[in-house]
Amino acid sequence: MTNTNATARYRRILVKLSGEALLGGEDYGIDPIILKRIAGEIRDLTQLGVQVALVLGGGNIFRGAGLARAGMDRVTADHMGMLATVINALALQDALESLGTYARVMSALRINEVCEDYIRRRAVRHLEKGRVVIFGAGTGNPFFTTDTPAALRAAEMGCDALFKGTSVDGVYTADPKKDPDARRYDRLSYQEVLSKNLKVMDASAIALMRDNAIPIVVFSIREPGNLLRVVGGGGVFTTIEDAH
Ligand code: UDP
């Protein structure tokens, strides 16, 4: 059921994963077992014919805001954060290719010896050919997190939906890890997310998705097999979109 549903629902999607998703059992960096599992789920999606683009965060290595709080110049710190996202992207590219799935890292900062530059039409072409495209280095600008480039690339690529994988299975009324009374929303409008100040994604990312009418699906990436399940419409998640 899941399989046919996935292709029926979506032709092209963008998956945003925080760097923490790659931590697994590690305190820092990348857990190779988790990386392989996530790569396997992405491969399964592409084998169904869904075109997959990805934005990975860098929080498992460096976050600019944290480095700045410790006294580093903010722009330098954000450059380090952006490079951290490229490191994650290279790791995922490698894991995908070791499973026989073609992937391309495209960076918003020029690091030609390491990966391709981000060129929109080229990225679209990769997707059309069934290659997974992993966008690195965020927007290429400091003072952003990777939420905004995830929304930006989803809009630029003409994606049907943005899938945000987190450590919880959707958007809650309060932090479910702290408040036992927190309830999960099945569906929310973009405006509700903004006005209730729900911590789903940066407001700039929500607004960009609203203006381009691209639904956001928030799901847990911690649960094995969930990416495929949720793209197929099964399992537990929160959808953010406006009523049709
Ligand atoms: N970053 C940036 N500009 C961007 C995207 C990211 O400067 O357009 C930097 C910023 O320092 C950020 C870091 O890259 O903290 C890693 O991204 P993020 O914090 O979103 O990682 P996540 O929390 O998703 O793991």
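All values below come from the heavy atoms of this structure, side chains included, with hydrogens, waters and symmetry mates left out. As the structure lists them, so they are numbered: ligands from 1, and atoms in each ligand from 1. Keep in mind that what you see is a predicted model, and the values were worked out from it rather than measured.
Remark: the backbone N or O of Y185 is paired with a side-chain donor or acceptor of T238 at under 3.5 angstrom. Using modelled atom types, one side-chain atom of E97 and one backbone atom of A103 make a donor-acceptor pair closer than 3.5 Å. In this structure, D160 contributes its side chain and R12 its backbone to a donor-acceptor pair below 3.5 Å. Panel note: side chain D31, backbone G25; a donor-acceptor pair is recorded below 3.5 Å. No donor-acceptor distance shorter than 3.5 angstrom exists from the side chain of D242 to the backbone of A213, with no hydrogens or angles considered. At least one donor-acceptor pair under 3.5 Å links the side chain of N60 to the backbone N or O of G29. Formation of a donor-acceptor pair under 3.5 Å by the N226 side chain with backbone atoms of S220 is found in this model.
Taking every non-hydrogen atom of P142 and a distance limit under 4.0 Å, the qualifying atoms of ligand 1 come out as 7 (O). Each of the following atoms of ligand 1 lies closer than 4.0 Å to a heavy atom of T139: 4 (C), 8 (O). Atoms of ligand 1 found under 4.0 Å from any heavy atom of G59 (numbered from 1 in listed order, with element): 21 (O), 22 (P), 25 (O). Close approach to G57 involves these atoms of ligand 1, each under 4.0 Å from a residue heavy atom: 21 (O), 22 (P), 24 (O), 25 (O). Within ligand 1, counting atoms from 1 as listed, the ones closer than 4.0 Å to a heavy atom of G138 are 4 (C), 5 (C), 8 (O).
Here the protein heavy atom with the shortest distance to atom 18 (P) of ligand 1 is T146 OG1, 3.5 Å. Looking from atom 10 (C) of ligand 1 to the surrounding protein, the closest heavy atom is D78 OD1, 3.3 Å. Among protein heavy atoms, atom 16 (C) of ligand 1 sits closest to G58 N, 3.6 Å.
Every N/O-N/O distance between S18 and ligand 1 stays at or above 3.5 Å. In terms of polar-atom proximity, T85 is not counted as a contact of ligand 1, lacking any N or O under 3.5 Å from an N or O of the ligand. Ligand 1 has no N or O atom lying under 3.5 Å from any N or O atom of A137, backbone or side chain. Between L17 and ligand 1, no pair of N/O atoms sits closer than 3.5 Å. Of the polar atoms of F144, at least one N or O is found under 3.5 Å from an N or O of ligand 1, judged by distance alone. Note: an N/O pair closer than 3.5 Å links G19 and ligand 1 by distance alone. In terms of polar-atom proximity, defined here as any N/O pair under 3.5 Å, N60 makes no such contact with ligand 1.
By the 4.0 Å N-to-carboxylate-O rule, D147 lies close enough to K16 to be salt-bridged with it. Between D181 and R183, no side-chain nitrogen of the basic residue sits less than 4.0 Å from a carboxylate oxygen of the acidic one, so the salt-bridge criterion is not met. A salt bridge is defined here as a Lys NZ or Arg NE, NH1 or NH2 lying under 4.0 Å from an Asp or Glu carboxylate O, and R122 with D117 fails to meet this definition. Remark: R120 does not engage E156 in a salt bridge, criterion side-chain N to carboxylate O under 4.0 Å.
At least one heavy atom of K16 sits under 4.0 Å from some atom of ligand 1. Judged by the shortest distance from any of its heavy atoms, A84 lies outside the 4.0 Å radius around the atoms of ligand 1.
When A21, G64, G81 are ranked by how near their heavy atoms come to atom 15 (O) of ligand 1, first place goes to G64. Between the choices V86, N141, L109, T166, the shortest heavy-atom distance to atom 3 (N) of ligand 1 belongs to N141.
For the pair R37/I221, a side-chain contact is recorded, criterion being any heavy-atom separation below 4.5 Å from C-beta on.
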